[in-house]
Amino acid sequence: MVRVRFAPSPTGMVHVGNARTALYNWLFARRMGGKFLLRIEDTDLERSEARYETQLLEDLKWLGLDWDEGPQSTLEAKTGSEGPSAPYRQSERLEIYAAHTARLLEEGKAYRCFCTPEELEAERALAVKEHRPQVYGGRCRRLGRTEIEANLAAGKPFAVRLEIGPDALRFRDMVRGPVEFAAETVSDPILVRSASGVSAGVPVYNYVVTVDDALMGITHVIRGDDHLSNTPKQVAIYQAFGWKVPVFAHLSTILGEDRERLSKRHGATSIASFQEMGYLPEALANYLALLGWGAEDGKTETFTLTELAKIFTLERVTPSPAVFSFDKLNWLNRHYLKQAAPERVAELSWGYFAEKLGAREAAGAELVAWFQRLLTLLVPAVDHLSQLPTKAGLLFTHDPEAARAVPENVEALGVESARLVLCEFADRVRAHSGAVTPEDFKGWMNEVKVATGVKGKELFHPVRIALTGGHSGPEFDKLIPLMEEGAALGLGIAGVRERILGFVGA
Ligand code: GLU
């Protein structure tokens with residue numbers, strides 16, 4: 001049975017690269033009817049933080065990915081046990097690694113290396129000078145038993161190294177095909193780093209990841225290609241233990257549009273920041289799936305996770321780098337926003353307006369309904385929900401002076417007809433009492449047209465600027481009731497009367 005894992009280190013926020021790795025693992029497991037495990041790689045105690053672990057679990061859940069084994073897995077929810085390979089946190093598996101190190105030492109597959117950092121540095125420097133590859137020469141490989149015992153008795157710190165044989169290290173990569181590394185390029189890798197003075201050293205990533213993958217029965221290792229050069233070392237470790245080498249799939253790097261490795265410089269990269277910006281999880285998940293994979297028909301681009309889980313194959317994952325396009329993500333987000341239930345969009349958007357609307361829990365039905373209608377008007381104009389407050393500025397702000405100062409408005413207002421139109425319009429507003437309806441508005445516009453002889457955009461732009469501060473925007477039919485009701489709801493929103501009279505008087 002297929003068993004795959006996502007093995008993040010809780011040393012920072014989950015970014016798009018990691019999330020895509022998690023997604024591809026999840027999709028592959030679901031497609032193959034296998035298991036998806038979550039393993040927390042927290043051996044770097046200095047950099048690992050509980051809050052990052054909490055966040056990464058949240059991120060996965062938010063994206064819609066569930067995991068069968070590991071902390072907070074579906075299995076744990078059902079049975080209380082994280083799974084048959086527990087524990088799934090590397091910091092809780094140190095004894096397992098130590099036992100395996102002892103086994104390798106005993107079997108002569110690994111050896112203690114007493115070389116000091118200074119000696120290793122000197123060796124490296126010499127290699128550089130002589131233009132040789134900077135690999136460990138293997139001095140401690142040849143230490144005799146008595147020498148080793150003497151060093152141990154003297155309390156000399158040591159690292160544990162794996163002895164690499166002469167054969168090339170080969171593995172199968174489902175994205176890249178067969179891969180081979182010459183043994184010399186690997187040299188004898190350190191498995192356990194020496195600790196200062198004491199013998200209990202720290203097992204390194206390549207070692208613990210291999211022990212865990214083997215003991216957890218991982219059949220396919222799907223991860224970023226930044227790990228490609230680690231893989232031959234891991235293959236050598238599998239071989240030393242006599243374990244079956246899994247199949248690998250190294251996913252290409254994600255680049256920014258400038259073809260540089262995607263980084264914060266390009267904008268948001270952490271999953272949490274996309275959530276904060278008001279991207280829908282289904283849009284981001286869909287987009288991540290397309291970063292290196294494409295449907296067989298070569299054109300369909302919108303997929304739910306359920307659909308993807310039926311058609312995803314590693315064979316269709318490309319080895320060439322994927323370019324992250326915010327435009328494409330925005331396009332998908334708009335697609336999913338259009339499909340999302342208005343209640344859900346309102347829930348997700350409320351936070352951006354909390355200062356103006358108060359707490360969601362305290363809001364009355366009328367306010368909620370009003371907000372939902374506002375969103376129906378504004379959401380089609382945004383890429384992601386955090387852009388809403390700016391778009392809603394046309395309702396929440398009423399600043400005649402600022403509106404008059406906008407260069408495009410200056411032009412539209414500068415003509416004599418604009419003054420006339422606004423004057424006539426204001427007269428009608430003044431003479432009216434009670435809320436303004438779209439019918440009132442339409443009637444007045446007709447009257448103003450007749451009275452001034454002005455029509456088209458010369459007629460509409462000045463009125464729109466007076467009402468909203470801009471000369472384009474949503475239909476008046478929808479806008480006017482929102483303004484009037486918003487004003488009545490006591491949200492600090494100006495009504496039509498206040499806006500027009502304020503503008504003309506200003
Ligand atoms: N903890 C490693 C990382 O986050 C896992 C790499 C792997 O999947 O082997 O990069």
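Computed from a predicted model, the values in this text were never measured in an experiment. Ligands are counted one by one from 1 in listed order, and the atoms in each one are counted from 1 as well.
When the options Phe303, Tyr24, Tyr287 are evaluated for a ring-ring contact (aromatic ring centres under 6.0 Å, His included) with Trp293, the one that passes is Phe303. Under the salt bridge (Lys or Arg N to Asp or Glu O under 4.0 Å) test applied with Asp68, the options Lys78, Lys35, Arg30, Arg5 reduce to a single match, Arg30. Each of Glu82, Glu69, Glu41 was scored for a side-chain hydrogen bond (donor to acceptor under 3.5 Å, both in side chains) with Tyr88, with one residue passing: Glu69.
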Just the distances, no angles: every ligand 1 N or O to protein N or O pair closer than 3.5 Å, one line each.
unit_1   : atom_1 : unit_2 : atom_2 : d
ligand 1 : 1 (N)  : Ala7   : O      : 2.8
ligand 1 : 1 (N)  : Ser9   : OG     : 2.9
ligand 1 : 1 (N)  : Glu41  : OE1    : 2.6
ligand 1 : 8 (O)  : Arg5   : NH1    : 2.6
ligand 1 : 8 (O)  : Arg5   : NH2    : 3.3
ligand 1 : 9 (O)  : Arg5   : NH2    : 2.9
ligand 1 : 9 (O)  : Tyr205 : OH     : 2.7
ligand 1 : 9 (O)  : Arg223 : NH1    : 2.8
ligand 1 : 10 (O) : His227 : NE2    : 2.8

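By the 30° and 60° cut-offs, the orientation of the rings of Tyr205 relative to His227 is tilted. Under the 30°/60° scheme for interplanar angles, the aromatic rings of Tyr207 and Tyr97 are found to be tilted.
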In sequence, state the C-alpha distance, the side-chain angles, and the governing distance for Arg39 and Asp213, and then conclude on salt bridge (Lys or Arg N to Asp or Glu O under 4.0 Å). CA-CA 10 Å; Arg39 184 174 69 228; Asp213 284 343; 2.8 Å; yes
